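From a predicted model like this one, the values you see are computed outputs, not experimental measurements. This chain uses plain numbering: 1 for the first residue, then up along the sequence.
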Amino acid sequence: MLLTISTTHRPATDLGFLLHKNPARVFTFGLPVGQGHVFYPEASEEVCTAALLVEVDPVVISRGRGGGRAGLPLEPYVNDRPYAASSFLGTALREAFSTAMTGHSRDRPDLAARSLPFEVRLPALPARGDAALPGRLFGPLGYGVSVQEAPLDPLFPEWGASPCQAVTLRAEVRLRDLLAHLYVLIPVLDDSQHYYVSEAEIDKLLRYGAGWLDTHPERDLITRRFLKHRRALQRAAQAHFTPEEDADAGAPGARNVSLNEQRLEAVKAELLAAGAASVLDLGCGEGNLLARLLPERQFTRLLGMDVSPRVLDLARERLRLAELPEPYRARLTLVQGSLTYRDARLRGFDAAAVVEVIEHLDGARLWTLERTLFGDARPGTVVLTTPNEEFNARWATLPAGTVRHDDHRFEWTRQEFRTWAQRVAGEFGYAVTFRDVGEVDAALGPPTQMAVFRREAP
């Protein structure tokens, strides 16, 4: 399989500095299913073309190490995997041009940050399920898309068109963005990843989709195919595209202060009232609560934890950690981790905030959070919030039986929440009180319910 990237920027040979590959040499590297090669068919001041050639071993594929599509008896032996662009090419792209994909260039840093004229040619690009898909995927990103279709077999026109097309893409774009677009969208077009898709793929999708995927008109299709149609992973990815505060935007009776702001201020007030000096923000997201706690001198030690490295990067940007004075920066730590595993870093804190987090966990796995937080970390105070399912009836935009956010695995009534919180408090040696957050409906209660756990003396 083959991909070429050309530029007419003068001098065009600067492409070698941007890709970190010398036009005078052939670069060969190993892949799990074969070899990749980077070479330059042409390298002049006027035009420079870099080619990525991937040689896939069909014997490796046929033995089940990746690439086949289940359900077709001849698929392991007769297929287009060694020739058509696919996730194999995406993997090779990342392996060959990993530094270029970060946007760094030691020799041409200014050029790496600029949009340059590029032309990409893919002589065999599949568009499974829709021949117009290349245009639908690359067009909204500003590419001119040329497609040349071919019959499946010229000798048998009745067989119809080939799923593979010769596609040419043209745009003025930063090289790092071009490589990110190709890395995400080539496997989407092929719709058959050769590797096992796990939660790690969410971070790859979010990292290389940053700045364009969230607003792409085919975002749902891209997410579904990139994550190999695994619904649990799709839900987790969608949670990053639709911030929790957006789900609260239509809260009935909302005044000038949004429900999310009321919730965060209520949590801060409880932490201040508890006299806590050291605070955990578990599931900290982009740092909305931490931004409110950091100016308060009472909080001398803050630790924010989230499962997503990308979200933590956004939190660092939002909090402007690099620009903070050293006394502020020294008080705050951001770490990647999961609430479902014991973590020594969470021990020894006065208080913990768990804001709109538990509803994102599978109900059957909630016991792991209970043991991690209340059994192992054991902060003196835990302030925990979650939606009140009963109040959903006030949302005109929420059909009956639906939840407020795509990634919510459950939403509890007031009685369900109280029953759970009282059981946890009794089991782990805490006392619990309940608070209302937001406008309270006489029959349905508040939109957000809060439990404040205080550890009892042994």
Side-chain angles (χ1 to χ4, degrees), residues 2-25 27 36 38-53 85 89-90 92-122 125 134-146 167-188 203-219 222 309-310 313-314 316-318 320 322-323:
L2 181 66
L3 175 149
T4 63
I5 301 174
S6 302
T7 185
T8 54
H9 162 79
R10 298 286 188 96
T13 47
D14 279 346
L15 181 60
F17 292 105
L18 298 180
L19 290 174
H20 299 266
K21 296 293 179 289
N22 190 334
R25 300 175 186 168
F27 172 68
V38 177
F39 58 95
Y40 290 77
E42 55 184 340
S44 68
E45 295 288 305
E46 294 76 24
V47 182
C48 187
T49 299
L52 174 60
L53 175 68
L89 185 59
L93 194 74
R94 190 163 173 243
E95 183 71 22
F97 304 130
S98 58
T99 304
M101 292 179 78
T102 67
H104 298 305
S105 175
R106 182 185 61 189
D107 299 295
R108 300 290 189 274
D110 295 338
L111 202 59
R114 286 174 49 192
S115 295
L116 302 175
F118 287 108
E119 180 179 276
V120 176
R121 292 181 180 272
L122 291 146
L125 179 66
R136 287 168 46 203
L137 294 182
F138 286 99
L141 300 174
Y143 292 88
V145 182
S146 301
V167 175
T168 301
L169 308 171
R170 296 182 181 88
E172 286 203 10
V173 63
R174 292 187 305 176
L175 179 63
R176 64 179 297 182
D177 295 332
L178 170 65
L179 296 175
H181 298 156
L182 294 170
Y183 175 77
V184 172
L185 297 180
I186 287 175
V188 168
D203 286 332
K204 293 178 186 177
L205 177 64
L206 298 175
R207 184 183 313 127
Y208 295 111
W212 61 273
L213 181 56
D214 197 9
T215 57
H216 198 290
E218 298 292 343
R219 187 187 74 189
I222 294 169
R310 174 183 176 271
D313 287 341
L314 294 175
R316 292 184 183 94
E317 293 176 9
R318 176 183 177 83
R320 299 184 176 180
E323 304 171 20

When rounded to the nearest 0.5 angstrom, what is the spacing between [atom1] in [X] and [atom2] in [Y]?
X    : Y    : atom1 : atom2 : value
L93  : I186 : CG    : CD1   : 6.5 Å
F97  : F27  : CZ    : CZ    : 9.0 Å
E172 : R114 : CD    : CZ    : 9.5 Å
E119 : T7   : CD    : OG1   : 10.0 Å
I222 : L205 : CD1   : CG    : 8.5 Å

Going by heavy atoms in the side chains, are [X] and [Y] under 4.5 Å from each other?
X    : Y    : value
L52  : L89  : yes
L111 : F17  : no
S146 : R170 : yes
L18  : L116 : yes
L137 : H181 : no
Y143 : L178 : yes

May I have the step-by-step check of salt bridge (Lys or Arg N to Asp or Glu O under 4.0 Å) for D313 and R310, ending in yes or no? CA-CA 5 Å; D313 287 341; R310 174 183 176 271; over 6 Å; no
Donor-acceptor contact present, side-chain R219 to main-chain D214, <3.5 Å: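 It does hold such a pair.
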Just list the side-chain donor-acceptor pairs under 3.5 Å for residues 38-46, sequence neighbours left out, or say none.
from : atom 1 : to  : atom 2 : distance (Å)
Y40  : OH     : K21 : O      : 2.8
E42  : OE2    : T49 : OG1    : 2.8
S44  : OG     : E46 : N      : 3.3
S44  : OG     : E46 : OE1    : 3.4
S44  : OG     : V47 : N      : 3.1
S44  : OG     : V47 : O      : 3.0

Looking at every non-hydrogen atom in both residues, tell me the closest pair between [X] and [Y] and how far apart they are.
X    : Y    : result
A51  : T4   : CB-CG2, 3.9 Å
V120 : L3   : CG1-CG, 4.2 Å
H216 : L141 : CD2-CD2, 3.8 Å
G139 : V145 : N-CG2, 4.2 Å

Residue pairs passing the side chain to side chain donor-acceptor pair (under 3.5 Å) test where at least one lies in residues 92-108, sequence neighbours excluded: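 Pairs touching residues 92-108 that pass the test: D14-R108, R94-Y208.
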